[in-house]
Number of protein chains: 2
Amino acid sequence: MVDAIEDGASEDTEGEPLLLSERIRNALTDEIAAGELLPGAALDEQQLANRFGASRTPVREALRQLAVSGLVDIRPRRGVVVARMTPERVMEMFETVAEIEALCVRLATYRMTPAERGRLLELHDEASRAAEAGDVDAYDGINAAFHEALYNATHNEFLAEQAIGLRGRLNGFRRTQLRHKDRLDRSIAEHGAILAAIAEGDGDTASRRMRAHMLNAAIALRRYLEDR
Amino acid sequence: MVDAIEDGASEDTEGEPLLLSERIRNALTDEIAAGELLPGAALDEQQLANRFGASRTPVREALRQLAVSGLVDIRPRRGVVVARMTPERVMEMFETVAEIEALCVRLATYRMTPAERGRLLELHDEASRAAEAGDVDAYDGINAAFHEALYNATHNEFLAEQAIGLRGRLNGFRRTQLRHKDRLDRSIAEHGAILAAIAEGDGDTASRRMRAHMLNAAIALRRYLEDR
DNA sequence: CATGAGCTATATGTATACATGAGCGACTGA
DNA sequence: TCAGTCGCTCATGTATACATATAGCTCATG
C-alpha cells in the first residue's frame with residue numbers, strides 16, 4: 001500500500017523540494033478530482049500519513065486546506081470525508097461555473113490581443129482533430145487549455161484564478177459526460193460558435209453561447225447520472 | 001498582550017466549544033478584514049500562539065487555511081504575511097466582485113420570491129434611514145445584509161457562498177471609501193435604481209446597474225487611495 | 001568603505017507524545 | 001428479546017520536541 005510520493009518524476013523538473021504538506025495536498029486534490037476517492041469516503045489521518053510516508057501533521061494541514069477549497073468536509077472530532085455532493089449542489093456548481101465562464105468570455109472578447117485570439121483558434125483546431133480521432137483524453141486536455149486561455153484573455157488575473165479554481169472542482173464530474181461521442185462533437189461545434197462571436201467582437205453573443213455551452217454539458221451530465 | 005479568545009461572550013450563545021484552530025482562524029480573519037493587521041505584516045507563529053494562549057499547531061492550521069482563502073501569503077520556510085495586494089490586484093478583485101454581483105442580481109430578479117423582494121425593500125429603507133442619520137457603521141451592516149439577501153435570492157446556494165466569500169475579502173477596503181457622505185448617498189440612490197429594475201422584472205437592467213454601482217464604489221476607493 | 005563569505009540565531013517544517021470526546025459493544029434489567 | 005447504560009477503544013485535537021533552511025550579523029578582503 002506504500003506509494004510515497006515520488007518527487008519530480010512527473011513534471012516538476014525544477015529541483016525545488018516542495019513542502020510535504022503541499023505534495024500531500026496536491027496528491028489528494030488529484031485523487032478527488034479524478035474520482036479515485038469517492039464522495040463520502042472517510043479520510044483517516046494516520047492511514048494517509050502511512051500511505052504518504054509522513055506524520056499526521058502535514059496530512060492534517062493538507063486536509064484543512066482541502067476543506068477550505070470545499071473538496072472535503074470536516075466534522076470536528078468526527079473525521080474528514082470527501083465532500084459528499086447532492087445532485088442539486090452539483091447542478092448549482094455547474095450553473096455557477098457556466099455564468100463565470102460566460103462573463104469571462106464577454107470580458108475576453110473586448111480585451112484579448114490578436115495573439116490571444118490566434119492561440120484560441122489554434123486550440124480549437126487541435127481539439128477538432130482530437131475529437132475526430134476519438135482521443136477523449138487529448139480532447140480533455142486541449143479543452144481545459146482552451147478555457148484557461150479564455151480566462152487569461154480577460155486580463156484580470158484574479159478572475160482567472162477564481163475561474164480555474166471553480167473549474168477544477170468540477171473535474172471529477174466533467175470527464176464522465178464527455179464519453180459520449182456525439183456530446184463531444186456538439187462541444188466542438190459550440191466552441192466554434194463562441195469563437196465566431198468573439199471574432200465579430202460581439203461579447204454578449206459570445207457570452208450567451210458560452211453559457212448555453214456549459215449548461216448543455218450540465219444537462220448531458222444529469223442525463224448520464226440519471227441513467228445509472 | 002494576552003487576550004486569549006473569550007468564548008461565546010460575543011454571540012455564540014450556543015455552548016458549542018469551537019475548535020481552537022477555528023477560533024484563531026475567525027479572529028485573524030476579522031482582524032485582517034477590519035484592517036487591524038495591515039497588508040505585508042508578518043505573522044509569527046509562536047507570537048500568535050502566545051497571543052491566543054495556544055500552541056503553534058492550531059495557529060499553523062489557521063494560517064494554512066487563510067492562505068487558501070487568499071487572506072495571507074505563505075512563503076515556504078520564510079514565514080506568513082498578510083496578503084500584500086497591489087492596487088492593480090485590488091481593482092481586479094473589485095471588478096470580479098462587481099461582475100459576480102451583477103450576475104447574482106440578474107438571476108435573483110428572475111427567481112426571487114415575493115417575500116424576498118419585500119425583505120430587500122425593507123433593508124433598503126433601513127439603509128436610507130441609517131444614511132440620513134449619518135450612521136456609517138449601521139449602514140455598513142445593512143448594506144452587507146442587502147447584498148447577501150440578493151445572493152440568497154438567486155436560489156443557488158453554491159453561488160451565494162462564493163459571492164459571500166469574495167465580498168468578505170474586500171471588506172478591509174470597502175469600509176474606507178464609504179466615509180464620504182456623498183458617496184454614501186449615491187450608494188443609496190444606486191440601490192434604489194437596482195430595486196426599481198428588479199421590480200419591473202428586468203434582470204439585465206438590474207444587472208447593469210449593479211455592475212455600475214460596484215464599479216462606482218471601486219472608483220471612489222481608487223480616488224481615496226490616490227489621495228493619500 | 002563597500003562587498004561578500006561564513007557562522008549563528010531563530011522561525012518554520014515535521015515528528016512524536018499526550019488529552020479528550022465520539023463511537024461501539026457488552027452487560028444489566030425488564 | 002429488547003432497551004438503556006456503562007465503559008472501553010481509538011481517532012481527533014493539541015502540545016511539545018526535534019530537524020533544517022533562512023536571515024542577519026560578523027569579519028575578512030578588495
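Basis for what follows: all heavy atoms, side chains included, without hydrogens, waters or symmetry-related copies. As the structure is a prediction and not an experimental result, all values here were calculated from the model.
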Checklist entry - To the nearest Å, how far apart are A/Leu19 CG and D/dT20 C1'? => result 12 Å

Checklist entry - Does CZ belonging to B/Arg84 count more than 12 external heavy atoms closer than 6.0 Å? => result no

Item to check | Distance in angstrom units between A/Glu61 CD and D/dG13 C1', rounded | outcome: 14 Å

Checklist entry - To the nearest angstrom, how far is A/Arg75 atom CZ from D/dG13 atom P? => result 11 Å

Item to check | Atom-to-atom span, CD of A/Glu45 to P of C/dT16 - whole angstrom | outcome: 15 Å

Checklist entry - Does B/Arg78 put a side-chain nitrogen or oxygen below 4.0 Å from OP1 or OP2 of D/dA23? => result yes

Checklist entry - Counting just side-chain N and O atoms, does B/Thr57 come under 4.0 Å of either OP1 or OP2 of D/dT14? => result no

Next on the checklist: From the set C/dG13, C/dA15, D/dT22, return the single nucleotide nearest to any side-chain atom of B/Arg56.
Outcome noted: C/dG13

Checklist entry - Starting at CD of A/Gln47 and ending at P of D/dC10, how long is that distance when rounded to a whole Å? => result 14 Å

Checklist entry - With no hydrogens and no angle check, do the side chains of B/Glu101 and B/Tyr151 hold a donor and an acceptor under 3.5 Å apart? => result yes

Checklist entry - To the nearest Å, how far apart are B/Leu18 CG and D/dG13 C1'? => result 13 Å

Next on the checklist: Heavy atoms from C-beta onward define the side chain here; which of D/dT12, C/dA15, D/dT16 lies closest to that of B/Ser55?
Outcome noted: D/dT16

Item to check | Short side-chain donor-acceptor distance under 3.5 Å, A/Glu22 and A/Asn26 | outcome: no

Checklist entry - Mind checking who C/dC1 pairs with, Watson-Crick or G-U wobble, both distances under 3.5 Å? => result D/dG30

Checklist entry - Are B/Asn152 and B/Glu148 linked by a side-chain donor-acceptor pair shorter than 3.5 Å? => result no

Next on the checklist: Measure CD1/A/Ile74 against P/D/dG13 and give the value in whole Å, please.
Outcome noted: 7 Å

Checklist entry - Does a side-chain N or O from B/Arg60 land closer than 4.0 Å to OP1 or OP2 of C/dG13, or not? => result yes

Checklist outcome for this item: Between B/Glu99 and the options A/Thr154, A/Leu107, A/Asn156, the side chain to side chain contact (heavy atoms under 4.5 Å, CB included) test singles out A/Leu107

Next on the checklist: In this structure, how many angstroms lie between the C1' atom of C/dT12 and the CZ atom of B/Arg77, rounded?
Outcome noted: 7 Å

Next on the checklist: Under 4.0 Å, counting only non-hydrogen atoms across every strand here, what does B/Leu63 touch: a base, just sugar-phosphate, or nothing?
Outcome noted: nothing

